[in-house]
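The structure appears below as structure tokens.
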Amino acid sequence: MKRIYILFLMGIISFLSCEDEKEFPAPKFKFSNGIIETTFRRDTLDKYTIRAEIFAPNGIRKLTVIDGITYQEIETIPAQGSQYQLNYELDYRQVDVDTTLVYLFKVEDHTGRTMNNAFSVNMIRSSHPNVQFYRDKMVTSYDAYPVSGTVTTGFNAIKTVRITQNGVLISEINGETLADSSLCAFNVMSKTLSQGTNEISVFVEDIKQQTIIKVMQVERIPKPEMRLKQIKMTNPVGALTTYDYTYNQDGKVSKIVSTLVASGYTESSDFTYNSSGKIEKIVHLGSYLYTYTYISENGKLTKMMYSLANRTTGVVSSTTTPVEQIQLYDDGRIKQYYARTKTIVANYATIFGEEMFIDCLNGTGYSVPASRDVYEFVDRVPNPFYIEELPQLPEIIAYLTEFYFTPYMFYQRVRDLDRTNVQTRYSYELDELGRVVTLRKVMPSSSSQNRNYEFIYMN
């Protein structure tokens with residue numbers, strides 16, 4: 001009995017001993033306001049203080065600051081106790097570059113347990129003029145090219161921007177005229193380009209007399225071969241369709257054959273021209289016939305007829321006039337026309353010094369103001385799809401009709417009544433002759449309509 005009592009007492013003592021040796025939690029680290037990253041421009045401060053509370057119930061044995069990029073130890077901070085307020089001051093007076101600095105704080109308690117927390121500092125150099133071109137180098141066969149880009153000066157206002165071509169001033173912007181004194185977007189047409197290399201220089205000075213000169217090169221070359229041999233188009237699931245081009249003796253498109261590569265199924269669009277070299281008829285799939293009528297005396301377009309024929313026999317079953325009452329400007333551009341019971345006024349914009357037709361004629365949205373789309377341009381790059389002889393009129397059922405009507409490649413398609421409402425984006429790559437060789441079409445609201453195009457030229 002006595003032995004049992006002694007064992008019982010020993011058990012109680014052992015239990016109480018364990019109670020006395022409670023295991024406290026590992027260290028905890030809490031940055032001020034929960035912020036673990038900061039970004040600032042050097043103009044705004046010379047020093048920055050990282051603030052944090054450290055909780056270590058077992059007591060802080062060691063607090064180390066480590067470079068989060070190289071993992072080299074920076075220093076050891078003399079910290080003690082179970083709670084410590086960190087105020088780690090950083091001095092950046094000798095640093096003035098764009099950089100990211102990462103500080104790793106390692107806390108170790110007296111039981112050997114550790115906790116690591118990182119803090120990032122993104123530093124932007126002191127305000128200084130900067131120039132960003134849309135393209136740093138360009139190859140073109142055109143006699144003039146749009147020089148576009150942006151000028152920024154940080155917290156300092158722009159004093160002046162001067163753009164020169166081969167040393168000759170072509171544009172000057174006074175900073176006092178800018179809505180945003182530290183931001184300037186420019187788009188200036190260069191003057192007649194010389195064959196070979198032309199230098200476009202942008203000089204910027206801010207109100208602190210800091211300056212920068214940025215140079216882009218425009219290489220003017222003879223006009224390259226622009227006739228397409230084939231277009232390869234892939235959809236989001238990788239299905240490939242090819243479009244093969246045939247030309248008549250005058251070098252004009254006479255046939256486009258579409259082939260679904262997986263099945264071998266083919267279709268075609270055929271183009272016929274009148275004696276003046278203007279498109280007279282388009283036959284699509286052997287069934288859809290479009291006939292353009294011109295006044296013989298002056299060659300001006302008056303209407304477009306549409307007929308539906310039997311694909312096998314060619315017998316016409318119906319004929320309508322989808323577009324008529326066509327009015328033209330003196331230079332031959334289409335001014336307005338009557339279609340879908342409405343008079344439609346054609347949309348133009350001054351692009352690269354030209355009056356450019358900007359309506360999207362793909363589908364029927366052109367006739368509904370709320371659905372009418374227009375194209376926007378940023379770069380004077382030739383549009384490989386463009387068929388110069390094709391009148392800029394809607395209602396055509398054919399291949400690739402969204403691309404046929406503008407001589408330059410657009411970069412986005414937007415709602416006419418809300419130019420911030422982007423319907424489609426286009427991005428492209430150029431070859432050494434300044435021709436589009438790949439095109440990516442992206443529709444934000446309908447990814448199934450995204451397409452990739454590859455262009456193969458005759459030469």
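Note that the coordinates shown come from a computational prediction; the quantities given were computed from them, not determined experimentally.
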Please check if the side chain of [X] supplies one atom and the backbone of [Y] the other of a donor-acceptor pair under 3.5 Å.
X: R413; Y: V422; value: no
X: Y273; Y: V253; value: yes
X: K214; Y: V131; value: yes
X: T177; Y: N174; value: yes

Between [X] and [Y], does any side-chain donor sit less than 3.5 Å from a side-chain acceptor?
X: D416; Y: N347; answer: yes
X: N122; Y: E37; answer: yes
X: S127; Y: N156; answer: no
X: S445; Y: Q423; answer: no
X: Y426; Y: E402; answer: yes
X: N166; Y: T164; answer: no
X: T76; Y: E73; answer: yes
X: Q72; Y: D67; answer: no

For the pair [X] and [Y], find out whether any cationic side-chain nitrogen is under 4.0 Å from an anionic carboxylate oxygen.
X: K137; Y: E219; value: no
X: E205; Y: R162; value: no
X: R125; Y: D96; value: no
X: K208; Y: D206; value: no
X: R93; Y: D91; value: yes
X: R415; Y: D373; value: yes

Find out whether [X] and [Y] are in side-chain contact, i.e. whether some heavy atom of one side chain is under 4.5 Å from a heavy atom of the other.
X: I221; Y: T140; result: no
X: I36; Y: S120; result: no
X: I173; Y: C184; result: yes
X: C360; Y: V374; result: no
X: Y288; Y: I282; result: no
X: L90; Y: T49; result: no
X: V139; Y: L430; result: no
X: I66; Y: I74; result: no

From CA spacing to verdict: ring pair (Phe, Tyr, Trp, His ring centres under 6.0 Å), F29, F31: CA-CA 7 Å; F29 208 102; F31 287 109; 5.1 Å; yes
Work out which heavy atom in [X] is nearest to a heavy atom in [Y]; give both atom names and the distance.
X: P322; Y: M304; value: CD-O, 3.2 Å
X: L169; Y: I163; value: CD1-O, 3.5 Å
X: V65; Y: Y103; value: CG1-CD2, 4.4 Å
X: T406; Y: F410; value: OG1-CE2, 3.4 Å

Reported [atom1]-to-[atom2] distance for the pair [X] and [Y], which is rounded to 0.5 angstrom:
X: N362; Y: L400; atom1: CG; atom2: CG; answer: 9.5 Å
X: Y292; Y: L390; atom1: OH; atom2: CG; answer: 5.0 Å
X: I69; Y: T99; atom1: CD1; atom2: OG1; answer: 7.5 Å
X: E75; Y: T64; atom1: CD; atom2: OG1; answer: 9.5 Å

Test of ring centre spacing under 6.0 Å for Y88 and F105: yes
Counting neighbours of CZ on R61 that are heavy atoms of other residues, nucleotides or ligands and sit closer than 6.0 Å, is the number greater than 12? no
Test side-chain hydrogen bond (donor to acceptor under 3.5 Å, both in side chains) applied to D379 and Y408, Y145, Y134, the passing residue: Y145
Might you work through the side chain to side chain contact (heavy atoms under 4.5 Å, CB included) test for R435 and Y457, ending with a clear yes or no? CA-CA 9 Å; R435 301 178 300 189; Y457 295 89; 3.6 Å; yes
Restricting to pairs with a member in residues 436-456, which pass ring pair (Phe, Tyr, Trp, His ring centres under 6.0 Å), not counting sequence neighbours? F385-Y453, F385-F455, F403-Y453
